[in-house]
Structure formats: structure tokens, C-alpha cells
2 protein chains.
Amino acid sequence: MVQLDERKKSILKAVVDDYIATAEPVGSKSLVTRYHFNVSSATVRNEMAELEEMGYLEQPHTSAGRIPSDKGYRAYVDSLLSVEDLSEEAADRIRHYFQESIDELTGLIRKASTVLSEQTGYTSVALSPHLKRSHLSQIKILMIEPGRALVVVVLSAGVVKDRLVRIPEILDAEQLMRIANAIEDQLSGMTLDDITLVTVATAAKQTTLPESLLNQVLYEAYVSIKQADNLEVYMEGSHNLLSYPEFYDVKKAREYLKTLTATGMIAGYMSELRDNADPGDEMQNDESVRDQSEPPDKHLILQLPEKRYGNSQEDDRRNPAYTVRIGQEIMLEGLRDCSFITTTYKMGDFVAGRIGVIGPKRMAYGKVISHISFVKKTLNDQITHLSKGKSRTEGK
Amino acid sequence: MVQLDERKKSILKAVVDDYIATAEPVGSKSLVTRYHFNVSSATVRNEMAELEEMGYLEQPHTSAGRIPSDKGYRAYVDSLLSVEDLSEEAADRIRHYFQESIDELTGLIRKASTVLSEQTGYTSVALSPHLKRSHLSQIKILMIEPGRALVVVVLSAGVVKDRLVRIPEILDAEQLMRIANAIEDQLSGMTLDDITLVTVATAAKQTTLPESLLNQVLYEAYVSIKQADNLEVYMEGSHNLLSYPEFYDVKKAREYLKTLTATGMIAGYMSELRDNADPGDEMQNDESVRDQSEPPDKHLILQLPEKRYGNSQEDDRRNPAYTVRIGQEIMLEGLRDCSFITTTYKMGDFVAGRIGVIGPKRMAYGKVISHISFVKKTLNDQITHLSKGKSRTEGK
DNA sequence: AATTAGCACTCTTAATGCATGAGTGCTAAA
DNA sequence: TTTAGCACTCATGCATTAAGAGTGCTAATT
């Protein structure tokens, strides 16, 4: 981006904007007329040729217009895009979704996902919180019927998970409770990561039950604890992308859907993402990004219908609360023509889970970013609200 | 179907078979050559014209081949189709899926759904059991932290559901237990349908707690009990149908996906289905169905590559264990070009839930029916296996 | 009376040619 | 450095054509 003068930036931005709006390769002539450049099409043509040379644009075939390359989108997102704050109506619409109070964390996360897909018109994904580093707070073993029990695991964050298990038929409710209490006494406060089959077994040593009976229960308790941080994925609006021309090719659409529904694929990918990771290329030079806020000099010949450059959202850009992955940057087959915008939500003090929006590369980045930012905020609020009083049990 | 002589039946069957295989309108000439009829194409042509007259076939346009109408498919499914038993390899493949033992009912149902979609190549749906008529067996209220509790509801069938709720902060674990015990003492054995807010409130009268405190807990307990029979839908392989030419039109594909993912749509539809419901039209005459088993007379000019008429599967037909809905019979927009084959699975003694396969009308009915029948059987076995020992708690 | 051969006709599909127009790159003038 | 101008390219749309698969109908055959 360092190499791009103002005019090139304007042109690149215009090309991306136009292509996002129309899905048609954009040519020099229509650019000039539609965006009221005060230079001739020939000049724009030359600039576009250079932009192509530099890798920001590409041509589907000779004598067609240009479309942005992944690098072009990247530059657009990193330094050309103006992210507006969400309009009051849109914010209200989102708040409205969250109005009916929900008492389960999963319900909230689901809702966030629904909101995102419905309000953006793309596909949304949400990941249940990552709980590896949370502590065991309680464990109960509830007798269901001889031979079957329900293990309930409560984590520090107030998250509750349970699991039906098979146990020796001779055990009664009283004995199960004693085992659970022993485990709870010894292990509560430990992080899930630190708990092993050995620690569980040791914890239950003090109970007077014969080992042969204990073993199966302990194993199930252990598995239940370990599974408490199982990732869950919520997805909404996967059909939405079929409205966009890039998926008119059914083969592509199928690949895309297959990738989305393949169990674990998206979850695995999302859980490995890191926020603020500089998508390593020459764009990372922050100076050039800041350039934007300079007053437009006489070279900035583009007169945008509405100018939104260089003001408050610069803060967002300096400390982006979201991650954007574009096209090939997403390492999943079937999502090659997509972009993936994600952000995290918090539970208590540390980063918990992730929500995201998947759309065509040609997606309305500004709109999605403002929506996802707002949903993130709302979700965080709701979660705090949900677990108020939580601190009292924490660490037990 | 009464009106159809053997030759018409043969021809209709051949047309449907061919169209299912090729997705191309089938003409008289290719029918004669491909299926080794020993009559001329002209004769077949006349018969096809009559079949069209009668409503079993239709023409996409003049001078094209014929394709089956919904009525044609209906006749095919009701009396022309030969359902083979599942091959041993296919059966093994299914058994293999169920090999790893699963301790949760939902896990089993999920698995059944996965198997069906993967083995048939279509979309599968499974509904969690319908529990309205099962009894409340246990209810526990577990303190999670001051102000929050987990209500665990155990039903007669051994099904366990739970729900996080908010409660007055002053209540302690001891009090919650007393409330739960009171409810359990009074209401266990009642069907979910019979339990009302009033019965719950009455049950808890004997506890010595002040009403103001009780009310919120009772309400939450009531809701938890009522929600224990919430239907859940599991769907698998929704992308599969995109492989079939009838969905090459992206618009259709989108409608289809939208209908599938619309919450409640499929669940509502499936839960209203009744097995063995005669799809009221002139086909219901059982005599004609039986005709099939008669030795082919000299009019049966069709020599099928492999004949499977008139033997064991006649029993299946007399007492079909599955329901087939074809095209317009499915009253869901977006599934107009689909067929929907469902069957039920049992839990204990009575019908519990439903599993089904959605494919194009042009689906391989025989294959799907044999698969779904086998999965049904396997699922029933697994469920019985799961809740052996159940009877001991039943009725409590 | 049922079957079939034959024929004229219909309609889709694929291939071809052609005109149009939006786009390009390049050159030479401003 | 910018721009006007021009030749060139290529996708798109449209009309035409030929082939092929299918039909319905009639008259001959069994």
C-alpha cells in the first residue's frame, strides 16, 4: 500500500466498491462516469493497468473490466474502507432480538448468530466459549435409574454441562453423591486442562468404596469434566449465499455447503484464529494507513457521493476488534471465493468464543463489520448480565 | 391403478425407472430398445399416450418424451416398486456406524440421521421422540450458584432433560431439594400432558416455604417439565440434493435450503404425519396391489433385466412400515420437487419419533426404503439396548 | 381388433455466423 | 503527464440452420 498514491487508492476503492455493488467487472469508462472522476477514462485506464501490474486488480479476460484480486480486497479492507457506526435503526433491530431474556448461554450465542445472518444477509457462525482455562466449580452425579446416572459439571464461568453415563448397577444415589463430593472437594478450582484421570482417581481415594466399583464412575466423571469444554458450532443462514451470483454455479454452491456442514471444519478453523494478526504482506505498514486522515490533496480527484474518510473510525482501525480473512487466506477448500469476518466475545475477564460472518469476497465489508461489532458488544453485555452474581461461586 | 392392465404397468414402471436413472424425459423408442420390450415403439407410444390421458405421465412439451406425474410416482411407489432387502454389505456398513456405543438417545438419533444421508446420498431428517404421553419420573433442582439453579427432569422412558433457571437468591440447596421432592412425590407417574401449573403448585403446598419465594421456582419447574418434550430436529446432508439436476436452478436450490433450515417447518410437518395413511386417491384399492404377485400372463411383455415381482416384500407392502409423500403431497413450499420418505422409531412400547429421507421426486425409492427400514430396525434395537433396566423405574 | 410401419410434424439442442458494445492497449498529440 | 483516437479483443445476444428425438395419425398388416 506504500506504493499507492492517492489517485490509485481512490481508483482501487472505486473499483472495489463498484464490483461489490454490481458483481460485474468494472471498466475505466463506467468508473469515470459513475464516480465523477475529473480525469479521462484513458488516465484511469493507465492507472488500472498499473494496479493490475502491482497485483491489486485482475482481468477475467482481455478486454473485460477489472475485478479486485485478494490483495486488492485486502488493501481495501485494511486502509480504504470506511466503517460507519451502525445506524440507530439497525442497532434497534438488533437490540430487539435480544429483548426477550434468555437464561442459557447457548441461547444467547444462538441468538447472536441468528441476528447476524438475518441482518447481514450472509451466513453466520458462532462458536461456544472456549473453556479450557476455566475452573471446575462443582460436580454432581445424579442417579437416574439403576445403572444410569447424570453427571453435571459446573464451571467457574457459571457454565453447566451434563452427560448421561452408564454405571455399575449396584451403586446407589448416596454412594454416587459421595464420589462426586470427593471429586469436587479435591478438584474444584483446578482448570480443566490440569485435571487428569489420575487426579480424579486420587481425589476419590478417600471414599471407602471398592476400587472395582469406583473405576467406571471415575472414568465417566473424568470424561464428563473433559468434555465440558467441547466446542459447539451454531450456524445460520447457510442458504443466504446462494442468492449471490458467485454461487450460481451449483458445483461451487455445493462445495461451499459441504464445507460449512462438515463437522468440525469450521469449528477447527475458527478456534485457531487469532485477532489482530497482521495478514503478513506489505500492507502492514501502519503509516500508510494513517495517511488516510490527511486532508485530500489535489490528486484526490475522486469525489465520493458521501465522504467518510478520516474521522472516528480511525480508532477502530488502529485497534481492530475483528479479523478479516479474504479468499485464499481462508485455508478451507470450498470457501475460496468467500471472506470471513470474525470477532470474539468475552465471558468474565477473558476471551471466550467467536462469532463470525461468511460471505462472498464481494461482501459489504463495512456493513458486516459494523454489525458484527455491535452484536459483539451486545452479546458481551448480555453475558455479563447473565452471570451477574457469578463471582460469588468463582474459585469456590 | 385398477384401470391399468399389465402392459401399462410394465410401461409405467419402465418409464419411472428410466427417468429416475437418467433425469431425461423418456421416449417410446428408447424405452423399447433399453428395456427389451417385444412390441414396437408405436404400440408403446399409444400406451404412453393413454397413460398420459389417465394422468400418470406428462410431457414437458410436445414432441418430448414423457416424465412421471406425481400420480405416476404414487402408482410406482404403491404397487410397481420392488423393495429389495438391504444387501449384506450395506447392512454391515450401517451396523458399523452404530458400533461405537452411544449412551445418549440424542446421540443415537443423530447417528441414524448421519447414516441415512451418507448411505443414500440424499438429505436426512430425524425428530427427537415425542414425549407428550410419557410420565414424569423424577425432578431435581440443583443449586448452581445463588440465584441460579439447574432443573433436571427425568421421564419414564429414561429420557433426561435439564434447564438452567433463575431463582430467588435467598433460596439454598436444601430448600430447592425439598421443593423438587414435593413435586416429584405428587406428580411422578403423571403424563406430561396432565401436568399443569396448578398441579405443580398444589404439589408444593406441603412445603413450608412462603408462597412468594415458591412461586418463581414452581413456575420454572413447571416450564422445565413442559419443555421436556420439546421436539428437536437433526438434519444431515442438506447439500446432497444440489448434486441432482432438478436443483441446478439455483433459485430452486435456495428455496429448498430455506425450507429445510426454517426452524420448526420440517419438525412441524413431520410430527403431523401418520403412518399407513392412505394417500387418498383411486390407488387405495388393495386388490390391484395384490395383482402383482400373479404369474405374469402373456400380456406382460416386459422383460426386466432382473425380476423382483411378487415375493416376500409383498408383506411389507401390505403393512408398510414407512410413509411416502410425493411432490405436491408435501405441503411445504420449496419441497415441491421432492419426495419425503419417513418412518417411526419406538421407545419402549409406543411410537416415539420419526426419521426420514428427503430427495428429489426422482429418487431411488427402493434403495431409500430398504435403507430406512434397516436403520429403523437398528435404531429400535439400540434404543432398547440403551434403556434396558428402564422398566424398574417406570411408573415409579 | 390389435399391432405396426411409415410419415409428416414439432420442438429442443447444438453449432454457426454476425452484429454490437464494452472494454483494452498503444501511439501520438496537447 | 494527460488525453484523444484508433485498432483490436472478446463476451453477449440474436437469428439461422441442421440434426435428432420424439410425437400423433393413418393405413396396412396380423
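The chains referred to below are lettered A, B, ... by the order of the sequence lines, with proteins before strands, and numbering in each begins at 1.
The separation between A/K8 atom NZ and D/dT1 atom C1' is 12 Å, rounded to whole Å. Atom NE2 of B/H61 and atom C1' of D/dA21 are 10 Å apart (whole Å). For the pair A/E53 CD and C/dT24 C1', the interatomic distance rounds to 15 Å; values are reported in whole Å. The interatomic distance linking A/N46 (CG) with D/dT3 (P) rounds to 10 Å, in whole Å. Counting to the nearest Å, the C1' atom of D/dG22 and the CG atom of B/L51 are 17 Å from each other. Between B/E52 atom CD and D/dG22 atom P there is a gap of 15 Å when expressed in whole angstrom units. Note: NZ (B/K29) to C1' (D/dA19) measures 13 Å, nearest angstrom. Residue B/R66 contributes atom CZ, which lies 7 Å from atom C1' of D/dT23 at whole-angstrom precision.
For A/S63, no side-chain nitrogen or oxygen approaches OP1 or OP2 of C/dT24 to under 4.0 Å. Contact check, B/R7 against C/dA2: no side-chain N or O comes under 4.0 Å of OP1 or OP2. The side chain of B/S41 contributes no N or O atom lying less than 4.0 Å from OP1 or OP2 of C/dT4. Remark: A/S30 is not in phosphate contact with C/dA22, judged by side-chain N or O atoms under 4.0 Å from OP1 or OP2. Residue B/R45 places none of its side-chain N or O atoms closer than 4.0 Å to OP1 or OP2 of D/dC25. The phosphate of D/dT23 has OP1 or OP2 within less than 4.0 Å of a side-chain N or O from B/S28. Regarding contacts with the backbone of C/dT24, every side-chain N or O of A/T62 stays at 4.0 angstrom or more from both OP1 and OP2. Within the 4.0 Å cut-off from OP1 or OP2 of C/dT4, at least one side-chain nitrogen or oxygen of B/T43 is found.
Both the sub-6.0 Å distance and the 45° axial angle are satisfied by B/K71 relative to the ring of B/Y56.
Under the 4.0 Å criterion applied to side-chain N and carboxylate O atoms, A/K361 and A/E246 are not assigned as salt-bridge partners. Comment: A/K252 does not engage A/E255 in a salt bridge, judged by the lack of any side-chain N to carboxylate O separation of less than 4.0 angstrom.
No side-chain heavy atom of A/V16 sits under 4.5 Å from any side-chain heavy atom of A/Y365. At a threshold of 4.5 Å between non-hydrogen side-chain atoms, the residues B/L257 and A/L257 count as touching.
Remark on DNA chain D: of its neighbouring residues B/Q59 and A/E47, the 5'-side contact belongs to A/E47, judged by nearest-heavy-atom nucleotide.
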